[in-house]
Amino acid sequence: MALIVQKYGGTSVGNPERIRNCARRILETQRAGNQVVAVVSAMSGVTDTLIKLAREVSPECEPVEREMDVLLATGEQTTIALTAMAINALGGKAVSLTGAQAGISTDRVHTKARIVNITPDAVHKMLDDGNIVMLAGFQGETASGEITTLGRGGSDLTAIAMAAAIKADLCQIYTDVDGVYTCDPRVVKTARKIDEISYEEMLEMASSGSKVMQSRSVEFANKFGVRFEVRSSMNHNPGTIVKEETPGMESVVVRGVSLERNQAKVTIDDVADRPGISAAIFGAITQANITIDMIVQNVSFDGITDISFTLSAADLPKAEAALKAVLPNLGDKATLRTQGGIAKVSVVGIGMRSHSGVAAKMFKALADAKINIQMISTSEIKTAVIVEETEVENAARVVHTAFGLDA
Ligand code: ADP
Ligand code: ASP
Ligand code: MG
């Protein structure tokens, strides 16, 4: 008998028929002689609808984050109950548990809480009593009993963290594609399913826009050595195994291509070239709770220079307000410029550590397609560029082809 954690995403539980499909699959897994904990997301679109409702009742200010969590946690609470009902209707025995009931303790950072501890006593007890445990994804509770959520896509984290806590034999992430592809298959039709990928590559892909896995969940899996499989809830095809790096993996130079839309660029022209300027700029940005991505500073000329950085377009108004307040401290001539409508394309692969020429090949492919590169950043296993958002899909396709990833 194996102990199996499965996770079904929003599309997989998107309507009553699909919930029954998941219920059948979960029940089959149990009837094959296993204990099953099944994590579910909210039905597709529900979390977005709840966020929209919150904004509509609170147009004057951002809704209080504590209340956001109370609201957003209801999406998953709906699907655990519905899936448990469907399993029971099919002749199985299922019990639903919220994150709190399942012993998932988090810190107090509402809307993006971190799991600090899991006490899975209730989960074990229900399993030992012959139940399927339907576990609400994306949520936990603080030490003082407040409801928290784990950031968008957080049901992936619930599944991986619970798999670690109960020492599951298998962790399966069921979604609406057959696995992790060399690029989003909805954008690059010639993308191929990857059989095996290292945690590090999966993490870089997830954090550069491949939203098939929540990046924090991959970080967690890496830290605690939780191997998992990403596969489809609609068929029985083998998926993608995400696991520790093995020797053969480095022979593939580029494992995949990611794209991230809705980016924006902030440029501060003519800032004084003296100590403390960057600290003032990025101190203000941090104070405003904004995460930034690429940073570029020009070589200075006549004691002045330019600094640009990118961020999520949604954070642009907050960033502008924060920077206007410190602009007078950045030099007499400093001016602020912003630009939306840009996007990022990244190539990722641990083989980049031992192979050169990746950046040149990427830039050549973009040049041949007449796509202008606005910014560049590199890390040990990633090269990323900023392009016009209207060109991002074409950019992903030509880069995908250039690295021989097409099916
Ligand atoms: P779920 O609701 O199951 O959590 P998500 O929508 O979060 O599903 O993730 C699955 C989606 O991720 C796919 O439908 C696909 O469009 C997108 N995606 C982006 N990049 C990739 C990739 N490299 N491989 C597979 N899917 C990807
Ligand atoms: N329902 C949450 C979201 O849409 C969590 C998840 O689906 O993983 O982000
Ligand atoms: Mg997801």
Side-chain angles (χ1 to χ4, degrees), residues 6-15 18 21-22 38-52 68-69 71-80 99 111-113 135-140 148-162 172-195 197 201-218 228-234 237 239-240 242 254-261 344-349 392-393 396 399-400 405 407:
Q6 301 186 330
K7 177 254 170 177
Y8 293 88
T11 315
S12 304
V13 292
N15 61 42
R18 288 196 172 159
N21 170 56
C22 294
V39 175
V40 280
S41 292
M43 294 166 84
S44 59
V46 165
T47 306
D48 288 335
T49 304
L50 293 172
I51 293 172
K52 194 162 155 271
M68 279 309 280
D69 279 351
L71 177 71
L72 296 186
T74 62
E76 274 70 12
Q77 201 169 323
T78 306
T79 45
I80 48 170
T111 75
K112 37 186 168 308
L135 171 58
F138 178 53
Q139 54 175 265
T148 49
T149 62
L150 310 176
R152 297 307 306 267
S155 300
D156 295 334
L157 178 58
T158 303
I160 286 170
M162 187 52 78
Q172 301 171 317
I173 308 290
Y174 285 94
T175 184
D176 56 5
V177 285
D178 278 7
V180 180
Y181 281 69
T182 49
C183 190
D184 187 341
R186 298 185 204 285
V187 175
V188 175
K189 299 289 172 220
T190 50
R192 275 184 294 120
K193 189 180 72 194
I194 299 167
D195 293 332
I197 184 170
E201 288 168 324
M202 187 70 252
L203 183 57
E204 283 281 9
M205 282 184 72
S207 53
S208 58
S210 298
K211 296 271 155 64
V212 57
M213 287 299 299
Q214 187 211 32
S215 56
R216 277 168 68 177
S217 72
V218 183
F228 62 95
E229 182 181 13
V230 181
R231 53 188 299 169
S232 170
S233 65
M234 324 279 173
N237 298 341
T240 302
V242 186
V254 171
R255 181 81 52 196
V257 178
S258 296
L259 58 161
E260 189 158 31
R261 301 168 209 267
K344 186 171 73 169
V345 178
S346 312
V347 297
V348 172
V392 70
E393 295 201 357
V399 168
H400 194 269
L405 297 173

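Side chains are part of it too, since the values below use all heavy atoms of this structure and drop only hydrogens, waters and symmetry mates. As the structure lists them, so they are numbered: ligands from 1, and atoms in each ligand from 1. What you are looking at is a predicted structure, and each value in this text was computed from that prediction instead of being measured.
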For a 4.5 angstrom cut-off between non-hydrogen side-chain atoms, does [X] reach [Y]?
X	Y	value
Val46	Leu50	yes
Arg152	Lys211	no
Ser215	Leu203	yes
Phe228	Gln172	no
Thr182	Val257	no
Glu204	Ser346	no
Thr11	Met43	no

The one among [options] that brings a heavy atom closest to [atom]:
atom	options	value
atom 13 (C) of ligand 1	Asp176, Val212, Leu259	Asp176
atom 3 (C) of ligand 2	Glu76, Arg152, Lys7	Arg152
atom 17 (C) of ligand 1	Val187, Asp184, Val348	Asp184

Test of proximity, [X] against ligand 2: N or O pairs below 3.5 Å:
X	answer
Gly151	no
Ser41	yes
Thr47	yes

Where's the contact between [X] and ligand 1, heavy-atom distance under 4.0 Å: side chain, backbone, both or neither?
X	answer
Ser44	neither
Met43	neither
Thr175	both
Lys211	backbone

message: Test your reading of the model: is there a side-chain donor-acceptor pair from Gln214 to the backbone of Leu150, 3.5 Å cut-off?
response: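 Flag set: sc Gln214 to bb Leu150 pair under 3.5 Å.
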- request: Without swapping roles, check the side chain of Arg255 against the backbone of Glu201 for a donor-acceptor pair under 3.5 Å.
  value: no
Could you establish whether [X] and ligand 1 come within less than 4.0 Å of each other, counting only heavy atoms on the residue side?
X	value
Met213	no
Lys7	yes
Ser41	no
Gly179	yes

- prompt: Short check: is a protein heavy atom less than 4.0 Å from atom 6 (O) of ligand 1?
  reply: no
message: Please list the nearest protein heavy atom to atom 23 (N) of ligand 1 with its residue and the distance rounded to 0.1 Å.
response: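 The answer is Tyr181 O, 3.0 Å.
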message: Is Gly153 close enough to touch ligand 2? Criterion: a residue heavy atom under 4.0 Å from a ligand atom.
response: yes
- prompt: Does Gly137 reach ligand 2, in the sense of a heavy atom lying below 4.0 Å from it?
  reply: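 In this structure, Gly137 fails to qualify as a contact of ligand 2 - no heavy atom is under 4.0 Å.
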field: Arg186 with Glu393: basic N within carboxylate O range, under 4.0 Å
entry: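 Not counted as a salt bridge, because no side-chain N and carboxylate O are separated by less than 4.0 Å.
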message: Using a strict threshold of under 4.0 Å (side-chain N to carboxylate O), is an ion pair present between Asp156 and Lys7?
response: yes
query: If we only count N/O pairs under 3.5 Å, is Arg186 in contact with ligand 1?
result: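 It does: an N or O of Arg186 is found under 3.5 Å from an N or O of ligand 1.
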query: Does any N/O atom on Gly10 come nearer than 3.5 Å to any N/O atom on ligand 1?
result: yes
task: Output, in order, the C-alpha distance, side-chain angles, deciding distance and verdict of side-chain contact (heavy atoms from CB on, under 4.5 Å) for Thr175 and Val230.
output: CA-CA 7 Å; Thr175 184; Val230 181; 3.9 Å; yes
- prompt: Given that the side chain starts at C-beta and the backbone is N, CA, C, O, which of these parts of Gln214 lies under 4.0 Å from ligand 2, counting heavy atoms, or is it both or neither?
  reply: neither
query: Judged by modelled atom types alone, do Thr148 and Asp69 share a side-chain donor-acceptor pair under 3.5 Å?
result: no
